[in-house]
Protein chains: 2
Amino acid sequence: MTGLRSAPEKVPARRRSGRAPTIHDVALAAGVSKSAVSLAIRNQRGVSEATREHILSVAQELGYRSNVWARSLVQGRTGLVGVLLQDLGNSYHRDLTFGVEDTAVENDLRLVIAHGRRDPHRMQAELDSLLALGVEGVVIVSSWVPPQSLERIGRRVPLVVVGRLPERVSGIDTVANHDELGAKLAVEHLVSLGHTRIAHLTGSSRPAAMHRRQAFSEIVRNLLPGIEPQIEGPEHLDAAIKYLIFQLQEEASAPTAVFTQNDRIAADLVGACLDAGLRIPEQLSVVGYDNSSVCRMLRPQLTSVDQPRTEMGRMALEMLLERIGGRIEDRHITIAPSLEVRASTAAPRNG
Amino acid sequence: MTGLRSAPEKVPARRRSGRAPTIHDVALAAGVSKSAVSLAIRNQRGVSEATREHILSVAQELGYRSNVWARSLVQGRTGLVGVLLQDLGNSYHRDLTFGVEDTAVENDLRLVIAHGRRDPHRMQAELDSLLALGVEGVVIVSSWVPPQSLERIGRRVPLVVVGRLPERVSGIDTVANHDELGAKLAVEHLVSLGHTRIAHLTGSSRPAAMHRRQAFSEIVRNLLPGIEPQIEGPEHLDAAIKYLIFQLQEEASAPTAVFTQNDRIAADLVGACLDAGLRIPEQLSVVGYDNSSVCRMLRPQLTSVDQPRTEMGRMALEMLLERIGGRIEDRHITIAPSLEVRASTAAPRNG
DNA sequence: GTGAAAGCGCTAACAA
DNA sequence: TTGTTAGCGCTTTCAC
């Protein structure tokens with residue numbers, strides 16, 4: 001305009017108004033070079049303290065924010081890690097995420113949460129989406145992603161699965177609950193109370209459920225020789241619950257305790273029992289799995305197997321970091337659960 | 001190596017092995033120019049059908065994935081929208097997110113979920129983090145972000161808050177539940193059953209809670225002239241519950257029904273009552289708020305005010321799109337809840 | 001219909 | 001200590 005600045009004005013006019021200020025704008029305003037600004041904002045040495053302060057104050061004034069995309073484009077890394085959750089509204093996933101988040105923050109990584117909505121297709125889509133975002137690794141809190149997908153994606157980016165996969169997948173790490181131990185804890189607790197007729201109620205034939213179920217059978221056979229373990233489900237869960245209630249009402253040989261695959265199923269069972277006029281734990285002891293927040297909301301409060309969720313999330317991200325750091329061999333960790341005893345279990349009436 | 005390709009080899013050697021294939025690699029392999037590849041993969045016209053197919057198959061073969069960062073760097077937009085959740089493990093947030101997700105997908109936007117962990121500081125940090133990622137807008141599912149932060153950030157990027165803010169903030173949109181109507185539905189239901197001594201149990205003095213509380217008082221005064229509305233809380237919630245139970249056990253003038261600020265508090269109350277040997281709904285009717293998943297797990301199942309959560313999420317993202325599309329004036333939407341009647345409410349014993 | 005060249009905002013290697 | 005230069009991978013004119 002004034003003609004005073006004779007140097008070719010390379011900055012398009014529109015930039016100064018509409019767009020966010022760039023490193024270039026800051027350099028111009030501060031009267032230094034782009035690289036000086038770059039060094040200053042990243043707190044790197046190479047600029048004098050005075051210059052840095054000046055640059056920073058100018059940047060502040062202009063409302064400058066560095067463009068992460070441009071930076072990661074040139075650096076070849078994004079500083080992003082993803083966590084793919086099977087289901088948002090659920091305290092198991094929440095607590096796990098806590099552990100992942102904490103560890104991510106401690107390691108200067110930004111966490112991007114994706115939501116699979118309990119839908120294998122969406123899960124796959126979200127996983128692709130995370131990759132497209134350029135995450136440097138993903139923690140998958142779900143065992144629903146098919147092994148071949150895991151293997152394929154695991155070749156591109158480090159992957160840690162929290163959960164029990166149907167099979168080992170080479171190239172990826174896993175953190176899993178020790179389902180066998182969980183079943184053992186539950187059954188031992190019930191046996192120690194004097195129960196002998198114990199049933200298992202399950203709603204799934206996925207690996208984790210199967211492990212609990214098999215461990216249940218085994219421990220029952222060990223601890224209660226001569227008694228055949230009773231299993232209900234996984235099909236027709238509603239019918240299974242109805243049948244259990246029928247047994248309790250009509251048959252002297254009905255189970256006196258039920259160990260369920262998870263808390264949700266336990267809650268359904270407890271609700272149905274109460275609706276049928278059965279008293280818990282007097283007429284039936286119930287043990288859940290997951291120690292979710294509903295355990296303390298129900299009456300009686302639910303005895304449940306507890307997984308150290310936050311700790312599992314933390315371990316998952318640590319394993320991911322190891323992978324990003326170059327570990328080659330696979331790691332598979334199994335975490336021991338514990339039993340949280342509450343009011344839904346007691347000695348059997350005629351024990 | 002062979003010296004046959006005499007043109008200066010500009011691609012560094014390391015790229016071809018370690019790094020992900022780029023548009024350049026695809027162009028080289030397909031024997032076309034970079035721009036041809038760019039057009040082909042974006043399905044733009046400008047390349048012949050044959051060329052496109054060829055390029056696509058080569059890209060597929062190489063396992064090419066376009067680099068979102070590079071693309072958005074040049075296009076000046078990221079196609080990202082953020083949703084900041086106050087709390088992950090919670091069906092209210094889950095269902096809201098469903099609505100947001102669906103609408104985002106329909107509009108070709110990628111959703112990035114951030115988690116505030118019920119901590120205002122983290123909430124603020126996550127919001128900054130989302131901005132740094134370059135989101136084009138954010139849906140904040142929380143009313144905990146301070147107005148001045150909202151205003152500041154709202155100047156950089158469109159913002160929609162789902163929840164009831166302590167004050168209007170210029171430049172941002174809101175989607176809120178019609179708390180007054182919710183309270184009205186609850187009280188009218190109880191009055192229609194014959195209740196006259198109705199208490200309100202609240203655990204917060206935040207705007208949404210206050211609106212419910214005030215609306216409660218008003219509707220009680222309208223419908224039951226001469227009766228002073230009884231309010232317990234928001235301080236010392238545990239003590240308030242104990243006091244209510246004391247009243248029920250000792251005083252003839254005890255309330256026969258309680259309307260609570262949310263389901264969690266209702267669950268606490270119901271649990272405490274059952275622990276004290278009180279029967280629900282015979283001795284006390286209880287109405288919750290949020291119609292969360294626990295309502296159907298409790299016994300008796302909980303009558304609760306239901307917010308159309310998925311719909312609210314959808315509206316929030318639609319409003320965000322309007323803003324991104326250029327709307328200037330603020331919009332504030334209030335959504336009508338409905339009442340889900342279940343077994344925790346009944347006519348009072350001596351009604 | 002296709003290719004060459006410029007440049008998005010930034011960093012990193014180098015030169016001054 | 002500072003400024004210059006050359007890209008990161010991609011899109012987008014603009015010639016051909």
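We use all heavy atoms of the structure for the numbers below, so side chains are in, but hydrogens, waters and symmetry mates are not. Residue numbers start from 1 in every chain, and the chains themselves are labelled A, B, ... in the order their sequence lines are given, proteins ahead of strands.
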Task: Value in whole Å for how far the P atom of C/dG9 lies from CG of A/Leu73 - done: 12 Å
Open item on the list: Rounded to whole Å, please give me the gap between CG in A/Asp25 and P in C/dC8.
Closed with: 11 Å
Open item on the list: Show, in sequence, the C-alpha distance, side-chain angles and deciding distance for B/Arg77 and B/Ser72, and conclude whether the side chain to side chain donor-acceptor pair (under 3.5 Å) test is met.
Closed with: CA-CA 5 Å; B/Arg77 56 175 306 243; B/Ser72 53; over 6 Å; no
- [ ] Give a yes/no on whether any side-chain N or O of B/Ser33 is located under 4.0 angstrom from OP1 or OP2 of C/dG3.
- [x] yes
- [ ] State the CZ-CZ distance between A/Arg117 and B/Phe98, to the nearest 0.5 angstrom.
- [x] 4.5 Å
Open item on the list: With a 4.0 Å cut-off on N to O distance, would you call A/Arg327 and A/Asp173 a salt bridge?
Closed with: yes
Open item on the list: Between C1' on C/dA6 and NZ on B/Lys34, what's the gap in Å once rounded to a whole number?
Closed with: 10 Å
- [ ] Check the distance between D/dC8's C1' and B/Trp69's CH2 and give it to me in whole angstrom.
- [x] 13 Å
TODO: Find which nucleotide of DNA chain C each of B/Leu39 and B/Val74 is nearest to by heavy atoms, and output the residue with the more 5' nucleotide.
DONE: B/Leu39
TODO: Verify the contact: side-chain N or O of A/Ser48 to OP1 or OP2 of D/dT2, cut-off strictly under 4.0 Å; return yes or no.
DONE: yes
Task: Given D/dG9, C/dT2, C/dC10, the nucleotide with the shortest approach to the side chain of B/Asn67 - done: D/dG9
Open item on the list: Salt bridge or not between B/Asp330 and B/Arg323? Use side-chain N to carboxylate O under 4.0 Å.
Closed with: yes
Task: Base of D/dT4 paired with side chain of A/Ser35 (donor-acceptor, under 3.5 Å) - done: yes
Open item on the list: Testing the 3.5 Å rule here: is there a donor-acceptor pair between the side chains of B/Ser149 and B/Gln124?
Closed with: yes
TODO: Calculate the interatomic distance between A/Arg42 atom CZ and C/dT11 atom P; express it in whole Å.
DONE: 4 Å
Task: Bend angle of the helix from C/dG1-D/dC16 to C/dA16-D/dT1, from helix axes over five pairs at each end, nearest 10° - done: 40°
Open item on the list: Tell me the interatomic distance from A/Arg71, atom CZ, to C/dT11, atom C1', rounded to whole angstroms.
Closed with: 9 Å
- [ ] Output yes when at least one side-chain N/O atom of A/Gln75 is less than 4.0 Å from OP1 or OP2 of C/dA12, else no.
- [x] yes
Open item on the list: From C-beta outward on A/Ala70, which listed nucleotide comes closest to its side chain: C/dC10, D/dG9, D/dT4?
Closed with: C/dC10
TODO: With heavy atoms under 4.0 Å as the rule, sort A/Ser72 into base, sugar-phosphate or nothing.
DONE: nothing
Task: Atom pair distance, as rounded to whole Å: CD1 in A/Ile23 and C1' in C/dT11 - done: 8 Å
Task: DNA chain C: 5'-proximal contact among A/Ile41 and B/Gly46 (nearest heavy atom) - done: B/Gly46
- [ ] For the pair B/Asp87 and A/Arg94, find out whether any cationic side-chain nitrogen is under 4.0 Å from an anionic carboxylate oxygen.
- [x] yes
TODO: Using whole Å, report how far NE2 of B/His54 lies from C1' of C/dT2.
DONE: 15 Å
Open item on the list: When you compare the side chains of A/Arg52 and A/Ser48, does any donor N or O come within less than 3.5 Å of an acceptor on the partner?
Closed with: no
